[in-house]
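Report on one structure; see the data block that follows.
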There are 2 protein chains.
Amino acid sequence: MRPPTIRDVAARAGVSKSLVSLVLRGSESVRPEKRRAVLAAIEELGYRPNAAARSLSERRTRTVGVLLNDLRNPWFVELLDGLNARLHDSGLHVLLADGRLNRRLGQDLTRTFTELRVDGVVAVGTLQDPAALRTAADRVPTVVAGTREPELPGVDVIAGDDERGARLATEHLIGLGHRRIAHIAGRGAVGELRRRGFEAAMREHGLADTAVVEQGDLTEEGGYRATVRLLSRRQRPTAVFAVNDMTCVGALSAAEESGLRVPGDLSLAGYDNTYLSRLRHLWLTTVDNASHDVGRRAAQRLLDRIEDPGRPRTVDLTVPVLEVRGTTAAPSGGG
Amino acid sequence: MRPPTIRDVAARAGVSKSLVSLVLRGSESVRPEKRRAVLAAIEELGYRPNAAARSLSERRTRTVGVLLNDLRNPWFVELLDGLNARLHDSGLHVLLADGRLNRRLGQDLTRTFTELRVDGVVAVGTLQDPAALRTAADRVPTVVAGTREPELPGVDVIAGDDERGARLATEHLIGLGHRRIAHIAGRGAVGELRRRGFEAAMREHGLADTAVVEQGDLTEEGGYRATVRLLSRRQRPTAVFAVNDMTCVGALSAAEESGLRVPGDLSLAGYDNTYLSRLRHLWLTTVDNASHDVGRRAAQRLLDRIEDPGRPRTVDLTVPVLEVRGTTAAPSGGG
DNA sequence: GCCCGTCTTTGGACCGATCCAAAACCTCGC
DNA sequence: GCGAGGTTTTGGATCGGTCCAAAGACGGGC
């Protein structure tokens with residue numbers, strides 16, 4: 001017993017399938033009594049339009065594919081929220097795919113997306129394999145959100161101004177009186193920009209000599225290890241600016257483990273203003289990228305590009321805001 | 001310039017579209033040289049099959065809808081991983097939808113799923129509106145994972161044995177010497193079962209009199225507030241078993257705020273073994289539900305049900321394991 | 001009563017795949 | 001050279017919608 005089709009509805013309502021189609025699409029030119037009859041038939045039969053049939057004939061799916069790098073790192077939640085809100089307003093659905101989850105399975109997600117003929121693709125955050133996006137971008141309107149790479153011809157970018165945000169955090173630490181400040185860097189364009197912001201701020205305040213950079217990998221583990229290395233230096237830093245909140249939590253653990261009090265003995269700042277940083281027990285000073293806004297704007301850019309695929313590439317940066325919480329304070333001793 | 005279709009490929013390879021279709025579906029009865037010609041044409045044209053057309057004629061989408069309650073609560077990540085792995089082996093894709101994200105928009109996700117004609121639905125965790133699942137379950141094979149409600153005729157359940165896990169945690173605390181033990185409960189079937197396990201364990205050890213239950217809501221905030229209430233009692237508990245890790249993190253903050261050391265002055269145990277609990281800085285004692293396994297089994301049950309929609313409902317419980325970390329210890333003083 | 005214009009409804013082509021019965025092609029034995 | 005029997009290939013129907021040109025209904029003016 002198959003689900004009812006538009007023809008079943010038409011038969012029940014005593015009209016043609018074309019008229020049912022008109023009602024479904026909300027046409028003005030259907031007489032009220034016919035409309036009522038059709039709606040009643042739909043209700044009685046429990047009819048649901050078949051999305052596959054519809055997108056086959058409409059030549060669009062009303063679906064946008066969102067490519068994430070890792071569901072475990074929660075920074076994207078806000079972004080997704082904004083993205084979803086705006087896309088929903090335009091009648092588009094969101095299809096989520098986690099690159100990390102699927103890569104292990106040898107699956108090419110951009111391929112899946114092109115087979116599904118999604119109307120657009122949003123790549124969220126630093127991807128493992130940015131080049132893979134190129135093939136997708138050739139076929140379907142594509143937008144990158146929350147990071148600035150890859151830079152591809154027809155691909156818009158919407159992201160926080162990472163360099164500026166990194167300056168904000170660094171200057172906050174300098175303003176508190178810190179001189180020996182370390183940065184735990186991360187991979188990818190985002191990591192690069194945040195490091196650059198850190199270095200620029202330090203340089204401008206004549207602190208280039210005391211600036212230290214350790215490499216992390218955007219994970220808690222990486223943050224922990226980098227901090228252990230930092231704290232074993234002869235001149236240990238009095239403040240650490242971490243590339244993201246996850247890394248900062250790792251730093252927090254390392255500090256605690258070596259008996260340092262935060263922020264008394266060591267100030268820590270993170271980035272992303274994830275809910276992690278808002279957990280009372282962590283309460284990290286961090287930088288907010290207005291991710292919800294990034295998401296909304298990404299949606300808008302994608303809609304624009306769907307409208308006009310040929311439009312020139314845009315780069316859209318949101319202004320980050322410092323979120324001062326419990327992990328930063330003036331240095332205690334001889335600084 | 002539209003993407004190439006199966007007919008374009010056929011023309012290029014000098015065969016009929018039916019033959020191309022055979023090659024695409026990996027038929028044995030195609031002569032090697034024709035197969036090569038077709039594959040070459042596919043490659044040259046960059047042909048990708050149209051999923052909508054395929055599922056329209058095959059009458060299945062090879063897609064499974066996964067309904068989540070809240071992307072912000074990370075306990076489901078492992079589960080999803082297991083689910084995805086098993087489904088992918090059977091050639092099925094996963095479509096993620098976050099109920100919380102979408103409900104705000106007044107969108108009925110089960111409706112979206114039925115319009116897409118997904119081959120199956122997996123509801124993960126306690127849903128906001130469990131009744132909504134009923135309509136989906138009537139139309140499409142459905143499975144509930146990670147919780148035990150709702151109980152519906154044709155809907156299989158795969159979950160951790162919450163009552164047993166709660167006993168494990170409670171008995172661990174009792175074994176350490178605690179007598180005044182509190183529980184912060186949560187809503188839904190999961191909350192109910194964990195509370196029951198806690199109460200049963202307390203009763204069996206003759207501690208029913210000193211057992212206290214405060215209501216939480218599965219969030220950090222709820223855990224914090226419940227703990228503040230607990231700690232303001234005349235006889236404050238020496239240990240708290242929280243319904244999940246998020247709640248436990250809230251409890252941790254409340255304890256710290258009132259100057260109690262964990263685990264010295266107050267022991268805390270959570271539930272779910274999320275990555276939160278594994279953060280070095282939190283390092284919560286918690287209960288592991290073998291979520292990866294729950295996910296894999298849920299996938300298997302769904303595949304079984306797709307095969308035979310009429311089969312009787314099954315309930316599948318995994319055995320939880322206690323994960324002892326840094327937030328539990330023997331009580332300090334007069335207990 | 002007829003013609004014309006507007007509003008509403010309809011039948012049939014189409015989207016791009018799968019599926020199946022029938023056609024075409026081989027090979028072999030006589 | 002022909003027919004049987006097996007393998008390989010093909011044309012056309014089908015899935016369930018949208019779209020569009022044309023048909024039908026209706027009202028008003030002459």
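Keep in mind the model is a prediction, meaning the values are calculated, not measured. In what follows, every heavy atom counts, from backbone to side chain, and hydrogens, waters and symmetry copies are set aside.
- Taking atom OH of Tyr47(A) as the reference point, atom C1' of dG16(D) lies 7 Å away to the nearest angstrom.
- Checked by atom type and distance alone, the side chain of Asp119(B) pairs as donor or acceptor with a backbone atom of Thr61(B) at under 3.5 Å.
- Mapped onto DNA chain C by nearest heavy atom, Arg31(B) and Ala52(B) fall at different nucleotides, with Ala52(B) at the one closer to the 5' end.
- Computed from coordinates, the Arg35(A) CZ to dC7(C) C1' distance equals 14 Å when rounded to whole Å.
- No donor-acceptor pair closer than 3.5 Å links the side chain of Ser90(B) to the backbone N or O of Leu92(B).
- Rounded to a whole Å, the CG atom of Asp8(B) is 11 Å from the P atom of dC15(C).
- The CD-C1' distance, from Glu28(B) to dT9(D), rounds to 16 Å in whole Å.
- Looking at the side chain of Ser16(B), the nearest of the listed nucleotides dT9(C), dT18(D), dG11(D) is dG11(D).
- Within the structure, every side-chain polar atom (N or O) of Arg59(B) is placed at least 4.0 Å from both OP1 and OP2 of dT18(C).
- Side chain of Lys17(B), nearest nucleotide from dG17(D), dG11(D), dG16(D): dG11(D).
- With Arg35(A) contributing its side chain and Ser27(A) its backbone, the two residues share a donor-acceptor pair below 3.5 Å.
- As judged by a 4.0 angstrom heavy-atom cut-off over every strand, Ser18(A) is placed among the base-contacting residues.
- Classification of Asp293(B) and Arg297(B) as a salt-bridged pair holds, one side-chain N sitting under 4.0 Å from a carboxylate O.
- At whole-Å resolution of the value, CG in Leu19(B) and P in dG16(C) are 20 Å apart.
- Residue Arg2(B) is in sugar-phosphate contact alone, with no base atom involved, counting any heavy-atom pair closer than 4.0 Å across all strands shown.
- Taking 4.0 angstrom as the limit, Arg25(B) places a side-chain polar atom (N or O) nearer than this to OP1 or OP2 of dC19(C).
- The Ser29(A) side chain lies nearest to dT9(C) when the options are dT9(C), dG17(D), dT18(C).
- Taking atom CZ of residue Arg7(A) and atom P of nucleotide dT18(D), one finds them 11 Å apart after rounding to whole Å.
- For the pair Asp138(B) (side chain) and Thr135(B) (backbone), a donor-acceptor distance under 3.5 Å is absent.
- Close to dT18(D), at under 4.0 Å from its OP1 or OP2, lies no side-chain N or O of Ser57(A).
- The nearest whole Å value for the distance from the CD atom in Glu58(B) to the P atom in dG16(C) is 17 Å.
- Between Leu22(B) and Val20(A), it is Leu22(B) whose nearest contact on DNA chain D lies nearer the 5' terminus.
- As rounded to whole Å, 10 Å separates atom P of dT8(C) from atom CD of Glu33(A).
- With hydrogens and angles left out, the side chain of Arg54(A) and the base of dG16(D) share no donor-acceptor pair within 3.5 Å.
- Within the 4.0 angstrom heavy-atom criterion, only backbone atoms of the sugar-phosphate kind lie near Lys34(B); the bases stay farther away.
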